[in-house]
Amino acid sequence: MTKKKVFVCDDNTSIVEVIKVVLSECLDLDVLTETKSLNALSYIEQEFPEI
């Protein structure tokens, strides 16, 4: 079974890293991250995350 993709975006790198660790290690999700909110929409259009 493939992991569900979750997209996390925040301009604060520390917040992104904490959320990434929790989601990937505790919930076994594939976490896609972006730290520049201006790039979020194009990233979502390319990767098609479930959440």
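Computed from heavy atoms alone, side chains included, the values below leave out hydrogens, waters and symmetry copies. Since this is a predicted model, take the numbers as computed values, not measurements.
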| Transitive ILVMFWY cluster of Phe48 at side-chain heavy atoms under 4.5 Å: who else is in it? |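 Taking Ile, Leu, Val, Met, Phe, Trp and Tyr as members, Phe48 stands alone, with no cluster partners.
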| task | Hey, could you give me each pair passing salt bridge (charged side-chain N to carboxylate O under 4.0 Å, His left out) that has a residue in residues 14-25? Not counting sequence neighbours. | result |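 Of all non-adjacent pairs touching residues 14-25, none passes salt bridge (charged side-chain N to carboxylate O under 4.0 Å, His left out).
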Would you please name every residue forming a side-chain contact (heavy atoms from CB on, under 4.5 Å) with [X], sequence neighbours left out?
X     : result
Ser24 : Val31
Leu27 : Leu23, Leu29
Lys5  : Asp30, Leu32, Glu47, Pro49, Glu50

| request: Return the set of residues passing side chain to side chain donor-acceptor pair (under 3.5 Å) with Lys4 (not counting sequence neighbours), or none when no residue passes. | output: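 Listed in chain order: nothing, the list is empty.
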| For Asn12, which residues count as a side chain to side chain donor-acceptor pair (under 3.5 Å) partner, sequence neighbours excluded? |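 Partners of Asn12 by the side chain to side chain donor-acceptor pair (under 3.5 Å) criterion come out as none, since no residue qualifies.
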| message | When you group the ILVMFWY residues by side-chain heavy-atom contacts below 4.5 Å and let the links chain together, are Ile15 and Val8 in the same group? | response |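 Same cluster: Val8 reaches Ile15 through Ile, Leu, Val, Met, Phe, Trp or Tyr contacts under 4.5 Å.
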| query | According to the side-chain hydrogen bond (donor to acceptor under 3.5 Å, both in side chains) rule, which pairs have a member within residues 32-43, sequence neighbours left out? | reply |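 As it turns out, the side-chain hydrogen bond (donor to acceptor under 3.5 Å, both in side chains) pairs with a partner in residues 32-43, which skip direct neighbours, are Asp11-Ser37.
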| query | CG of Leu38 to SG of Cys9: how many Å apart, nearest 0.5 Å? | reply |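 Between atom CG of Leu38 and atom SG of Cys9 there are 9.0 Å.
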| said: Going by ring pair (Phe, Tyr, Trp, His ring centres under 6.0 Å), name the pairs with one or both residues in residues 17-36, residues two or more places apart or in two chains. | reply: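 Residue pairs with at least one partner in residues 17-36: there are none.
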